[in-house]
Chemist: 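Before I ask anything, here is the structure I am working with.
Here is the naming used below: chain letters follow the sequence lines, and residue numbers restart at 1 for every chain.
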Amino acid sequence: MEKLQALRGMVDLLPEQTALWQRIEKTAQSHFKRGAVNEIRTPLLEATELFSRGIGEATDVVGKEMYSFLDRGQRNCTLRPEGTASVVRACIQHGLLSQGSQKFWYSGPMFRYERPQAGRQRQFHQIGVEFLGFDDPRSDIETIALAWDLLQDLGLKKINLELNSLGDLEDRILFRKSLVNWLSERVDLLDEDSKDRLNKNPLRILDSKNPKTQLLLKEAPTLNEALSSKSKERFDVVQAGLNQMGIPFQLNPCLVRGLDYYSHTAFEITSNELGAQATICGGGRYDGLVEQLGGPSSSGVGWALGMERLALLISTIKPTSENERAKFYVVSRGKKAETNALTIARNLRLKKHIVEIDLTRAAFSKQLKRADKSGAKWAIIIGDSEAEQRKMILKDMRCSNAEISKEELITEEILLNRFA
RNA sequence: GCGGGCGUCGCCAAGUGGUUAAGGCAGCGGCUUGUGGCGCCGCUAUUCGGGGGUUCGAAUCCCCUCGCUCGCCCCA
């Protein structure tokens with residue numbers, strides 16, 4: 001018989017992991033709340049066209065990584081490979097931008113059909129932020145600071161912020177021309193991938209990992225030189241803002257990012273403790289996107305961070321805290337006792353206590369062993385004789401010595417009063 | 001899509017051609033027929049990812065296949 005298992009690249013998160021994930025989500029939400037950023041939830045499934053138009057036909061994400069299929073109505077659908085396009089679509093659809101600028105956060109699964117490796121799955125999860133309708137470079141600074149502070153709060157000390165400016169559309173067209181010209185005279189020195197990109201997407205050559213290509217690029221014209229004075233000024237404001245906040249960053253003139261919609265500020269937060277997939281958070285400005293998707297001319301800036309990669313970095317943190325453990329562990333034997341036990345557990349829970357109940361019918365010694373292991377502070381023991389008297393034994397499990405630990409016979413009423 | 005590594009019980013793991021597939025953890029049962037951290041005893045893989053082949057004999061050798069994993073590509 002064929003073993004049934006999850007599809008490649010689809011990962012189960014077991015309780016040991018979910019505790020950590022909840023911690024991350026809780027921390028992030030706390031930062032969003034303080035920043036007056038509102039949650040938005042959009043569908044996992046969208047029209048394929050949203051992504052091909054938004055992210056760009058020539059990108060790898062659209063070209064070879066999308067989970068696309070025809071639904072029963074012959075509509076071309078795609079499981080979202082990223083969050084920004086959906087958020088922008090929702091904004092346009094509901095006319096939110098006519099109500100002024102918007103600050104959003106989202107969280108959820110994304111899908112890309114790639115070979116899985118460390119820090120990369122086919123279904124992965126992102127927490128992201130999108131600020132729409134903000135043109136001021138201070139919004140770049142605010143979003144970056146939000147990401148930075150959130151990661152600091154999670155205890156990540158050894159992370160790097162890399163920063164670049166892609167300029168506006170005109171800057172990039174100019175730069176592309178000069179880069180292509182320069183590289184065309186040196187095609188022989190390029191690696192295969194880069195040769196391919198020379199026509200398709202020349203800017204991407206900049207972040208080639210091929211060492212020879214990188215060496216060559218040191219002589220090449222840089223994006224920075226191609227920026228208009230206006231773009232340069234804007235970039236200066238962003239840098240000055242980060243400096244003033246004491247957020248350290250490194251300029252990386254080769255940081256271009258793979259999605260077509262980025263302009264001006266582009267940034268990545270990386271860690272060198274992650275293996276090959278070092279980026280835990282990436283984002284930037286995307287001023288043309290709203291209009292490109294059929295909305296009003298409007299600017300935007302945002303980022304997304306990878307939950308799996310974040311979880312990898314924080315995985316050393318202890319998962320279960322003291323107050324998440326059960327306060328009571330209910331043990332019972334005998335027909336009447338067992339049903340009484342269930343009711344008592346429920347009544348304690350209605351009083352907001354954390355209660356674990358043993359449903360095994362094993363010997364008391366066995367059940368109490370589990371009570372001990374569970375870390376519960378109190379055991380409630382109900383056998384036939386207690387059930388007859390409508391009482392129970394309350395046993396203090398905090399004492400490590402079983403012989404001298406306190407226990408007493410009490411009624412449910414007394415119990416509920418005492419722990420009210 | 002292309003490379004490298006790996007696949008023995010829920011988890012970790014010995015075994016590298018001879019047959020009873022070690023051991024540890026976890027789980028279950030018992031010592032303690034109604035009472036917890038220790039200890040002791042017992043149970044838990046007709047089977048070594050799957051299929052085929054070589055051989056008197058294979059978890060151990062060969063072929064195919066599936067899966068996992070790391071890397072390339074790319075991104076979070």
Chemist: Could you check how far CZ of A:R370 sits from P of B:U35, rounded to whole Å?
Modeler: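 Roughly 15 Å, once rounded to whole Å.
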
Chemist: With a 4.0 Å cut-off, would you call A:D384 and A:K336 a salt bridge?
Modeler: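 Here A:D384 does not pair with A:K336 in a salt bridge, since their nearest N and O are not under 4.0 Å apart.
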
Chemist: Counting Watson-Crick and G-U wobble pairs only, both distances under 3.5 Å, name the nucleotide matched with B:G29, or none.
Modeler: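 Base partner found: B:C41.
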
Chemist: So which nucleotide does B:U60 pair with, by the Watson-Crick or G-U wobble rule with both distances under 3.5 Å?
Modeler: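 Paired with no nucleotide.
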
Chemist: Return the residues of residues 264-277 of chain A meeting this criterion: a heavy atom under 4.0 Å from some atom of RNA chain B. Order them by number, or give none.
Modeler: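 A:G275, A:A276, A:Q277 - these, ordered by number, are the residues of the stretch whose heavy atoms sit under 4.0 Å from the strand.
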
Chemist: Work out how far the P atom of B:C9 is from that of B:G23, and round it to whole angstrom.
Modeler: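 About 15 Å, rounded to a whole number of Å.
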
Chemist: Salt bridge or not for A:R349 and A:E356, using N-O below 4.0 Å?
Modeler: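 Looking at A:R349 and A:E356, the cut-off is not met.
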
Chemist: Between the side chains of A:T27 and A:R23, is a donor N or O closer than 3.5 angstrom to an acceptor N or O?
Modeler: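 No donor-acceptor contact under 3.5 Å links the two side chains.
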
Chemist: For B:C48 and B:C72, measure between their C1' atoms and round to the nearest Å.
Modeler: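 Comparing C1' positions in B:C48 and B:C72 gives a spacing of 33 Å.
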
Chemist: Start at the 5' end of RNA chain B and walk down; is the nucleotide closest to A:L368 or to A:G282 reached first?
Modeler: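 Checking each residue's closest nucleotide, the 5'-ward one belongs to A:L368.
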
Chemist: Measure the distance from CD on A:Q5 to P on B:G49 and round it to the nearest whole Å.
Modeler: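 Rounding to the nearest Å, CD of A:Q5 and P of B:G49 are 14 Å apart.
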
Chemist: Whether A:R309 contacts B:A76 is assessed here as follows: a side-chain N or O lying under 4.0 Å from the phosphate OP1 or OP2. Is that the case?
Modeler: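 No, outside the criterion.
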
Chemist: Can you tell me how far the CD1 atom of A:I280 sits from the CD atom of A:E308, to the nearest 0.5 Å?
Modeler: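 The distance works out to 13.0 Å.
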
Chemist: Counting the atoms with a prime plus P, OP1 and OP2 as sugar-phosphate, which does A:R204 contact under 4.0 Å by heavy atoms, base, sugar-phosphate, or nothing?
Modeler: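 The residue A:R204 makes sugar-phosphate contact but no base contact.
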
Chemist: For a side chain to side chain donor-acceptor pair (under 3.5 Å) check, start with the C-alpha distance between A:S107 and A:R41, then their side-chain angles and the critical distance, and finish with the verdict.
Modeler: CA-CA 8 Å; A:S107 162; A:R41 302 191 190 194; over 6 Å; no

Chemist: Tell me the partner of B:G3, counting only Watson-Crick (N1-N3 plus N6-O4 or O6-N4) or G-U wobble (N1-O2 and O6-N3) with both under 3.5 Å; none if nothing fits.
Modeler: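 By the stated definition (distances under 3.5 Å), B:C70 pairs with B:G3.
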
Chemist: Can you check the distance between B:A26 and B:C40, where both ends of the measurement are the P atom (answer in whole Å)?
Modeler: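 Taking atom P in both B:A26 and B:C40, they lie 13 Å apart.
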
Chemist: If we count only N and O atoms by modelled type, under 3.5 Å, do the side chains of A:H31 and A:D153 hold a donor and an acceptor together?
Modeler: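 Yes, because at least one side-chain N or O of A:H31 sits under 3.5 Å from a partner of the opposite role on A:D153.
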
Chemist: Determine the Euclidean distance between corresponding P atoms of B:U54 and B:C62; express it in Å to zero decimal places.
Modeler: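 These two P atoms come out 15 Å apart once rounded.
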
Chemist: Look at all strands and tell whether A:A371 reaches a base, only sugar-phosphate, or nothing, counting heavy atoms closer than 4.0 Å.
Modeler: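 Contact class for A:A371: none.
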
Chemist: Expressed in whole Å, how much space separates the P atoms belonging to B:U47 and B:G10?
Modeler: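 So the two P atoms sit 13 Å from each other.
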
Chemist: In whole Å, what separates the C1' atom of B:A13 from that of B:A45?
Modeler: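 Per the computed distance, 14 Å lies between those C1' atoms.
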
Chemist: Does the structure show a Watson-Crick or G-U wobble partner for B:A22, both distances under 3.5 Å? Name it, or say none.
Modeler: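 Because no pair has both required distances under 3.5 Å, B:A22 counts as unpaired.
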
Chemist: Taking the same atom, P, in B:G51 and in B:G71, what whole-Å distance lies between them?
Modeler: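 Going atom to atom, P in each nucleotide, I get 32 Å.
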
Chemist: Could you state the CD-P distance from A:E308 to B:U69, rounded to the nearest angstrom?
Modeler: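 So the two atoms are 13 Å apart, to the nearest Å.
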
Chemist: Taking atom P of B:C70 as reference, at what distance in whole Å does atom CD of A:Q117 sit?
Modeler: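 Distance check: A:Q117 CD to B:C70 P gives 7 Å.
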
Chemist: Go through B:G36, B:G29, B:U35 for me and flag the one nearest to the A:D372 side chain.
Modeler: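 In terms of side-chain proximity for A:D372, the closest of B:G36, B:G29, B:U35 is B:G36.
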
Chemist: When the P atoms of B:C28 and B:C64 are compared, how many Å lie between them, rounded to an integer?
Modeler: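 Nearest-Å result for B:C64 against B:C28 at atom P: 45 Å.
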
Chemist: Is A:R122 paired with A:E114 through a side-chain N to carboxylate O contact shorter than 4.0 Å?
Modeler: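 Result for this pair is no, no salt bridge flagged.
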
Chemist: Please check if any side-chain donor atom of A:S139 sits under 3.5 Å from a side-chain acceptor atom of A:R285, or the reverse.
Modeler: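 Yes, a side-chain donor-acceptor pair sits under 3.5 Å.
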
Chemist: Angle class for the A:W303/A:F32 ring planes (parallel below 30°, perpendicular above 60°, tilted otherwise)?
Modeler: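 Judged by the thresholds at 30° and 60°, the geometry between A:W303 and A:F32 is tilted.
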
Chemist: Rounded to the nearest angstrom, tell me the gap between atom NZ in A:K366 and atom C1' in B:C28.
Modeler: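 Computing the A:K366:NZ to B:C28:C1' distance gives 7 Å.
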
Chemist: Looking at A:R115, does any N or O in its side chain come under 4.0 Å of the phosphate oxygens OP1/OP2 on B:G1?
Modeler: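 No, outside the criterion.
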
Chemist: Start at the 5' end of RNA chain B and walk down; is the nucleotide closest to A:G283 or to A:K373 reached first?
Modeler: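 Of the two residues, A:K373 wins.
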
